[in-house]
Amino acid sequence: QVQPVESGGGLVQAGGSLRLSCAASRRTFSSYDMGWFRQAPGKEREFVAAIDWSGSTTLYASSVKDRFTISRDNAKSTINLQMNSLKPEDTGVYSCARRYRNYGSGHPADFDSWGLGTQVTVSS
């Protein structure tokens with residue numbers, strides 16, 4: 001099972017936008033819900049957003065709701081995270097993962113097949 005690969009991170013000023021992508025193998029991706037998490041230095045991994053296998057149901061952390069949008073392209077086995085109105089507190093390593101149990105959950109323990117992540121840095 002090949003781990004997902006994230007891309008699209010970078011350095012952006014507060015108020016700017018970034019679009020992250022996560023490419024997964026069909027075995028990892030097919031028929032599974034997927035999610036994005038982030039981890040800032042010295043802090044625990046934090047749930048950001050999740051999307052069900054069909055793309056019809058999404059879940060967001062309250063801190064990013066109305067600013068971030070998660071989407072998926074099942075034909076390409078990719079998920080995306082459009083991040084707008086970025087804030088310095090959005091800084092961290094963003095990773096995608098597959099939710100393998102507990103539909104609707106945002107707890108990291110319910111996810112597996114983690115990617116290595118992509119760094120997002122928002123300057124003030």
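This chain uses plain numbering: 1 for the first residue, then up along the sequence. Just so it is clear, the values below take in all heavy atoms, side chains as well, and ignore hydrogens, waters and symmetry mates.
Checked by atom type and distance alone, the side chain of Asp52 pairs as donor or acceptor with a backbone atom of Gly55 at under 3.5 Å. Between the Arg72 side chain and the Asp33 main chain, no donor and acceptor come within less than 3.5 Å of each other.
Hydrophobic cluster membership of Ile51, counting Ile, Leu, Val, Met, Phe, Trp and Tyr whose side-chain heavy atoms lie under 4.5 Å apart directly or via other members: Val12, Leu18, Leu20, Phe29, Met34, Trp36, Val48, Tyr60, Val64, Phe68, Ile70, Ile79, Leu81, Met83, Leu86, Tyr94, Val120, Val122. Think of Phe111 as one node in a network of Ile, Leu, Val, Met, Phe, Trp and Tyr side chains linked at under 4.5 Å; its network also takes in Phe37, Phe47, Leu59, Trp114.
Between the CZ atom of Arg67 and the OG atom of Ser85 there is a distance of 7.0 Å, given to the nearest 0.5 Å. Within the model, atoms CD of Gln119 and CD of Gln39 stand 11.0 Å from one another, a figure rounded to the nearest 0.5 Å. Considering CZ of Arg98 and SG of Cys22, their distance stands at 11.5 Å, rounded to 0.5 Å. Put simply, OG1 on Thr121 and CG on Leu11 are 6.0 Å apart, with the number rounded to the nearest 0.5 Å. Rounded to the nearest 0.5 angstrom, Glu89 CD and Arg38 CZ are separated by 8.0 Å.
Heavy atoms only, all atoms of each residue included: Gly117 and Glu6 are closest at N-OE1, 2.9 Å. Shortest non-hydrogen contact noted between Ala50 and Arg99 is CB-NH1, 3.8 Å. Residues Pro88 and Ser124 come closest through the heavy atom pair CG-CB, 3.8 Å. When all heavy atoms of Pro4 and Cys96 are compared, the closest pair comes out as CB-SG, 3.4 Å.
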Review point. Run the side chain to side chain contact (heavy atoms under 4.5 Å, CB included) check on Thr118 and Ser7 step by step: do they pass?
Key: CA-CA 6 Å; Thr118 184; Ser7 63; 5.6 Å; no
Review point. Under the side chain to side chain contact (heavy atoms under 4.5 Å, CB included) criterion, do Ser63 and Glu46 qualify, and how do the steps go?
Key: CA-CA 11 Å; Ser63 59; Glu46 175 188 24; 3.9 Å; yes
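Remark: the Asn84 side chain and the Gln82 side chain contain an N/O donor-acceptor pair separated by less than 3.5 Å.
Counted within 6.0 Å of CZ on Arg26, heavy atoms from surrounding residues, nucleotides or ligands total 12 or fewer; the atom is thus considered open.
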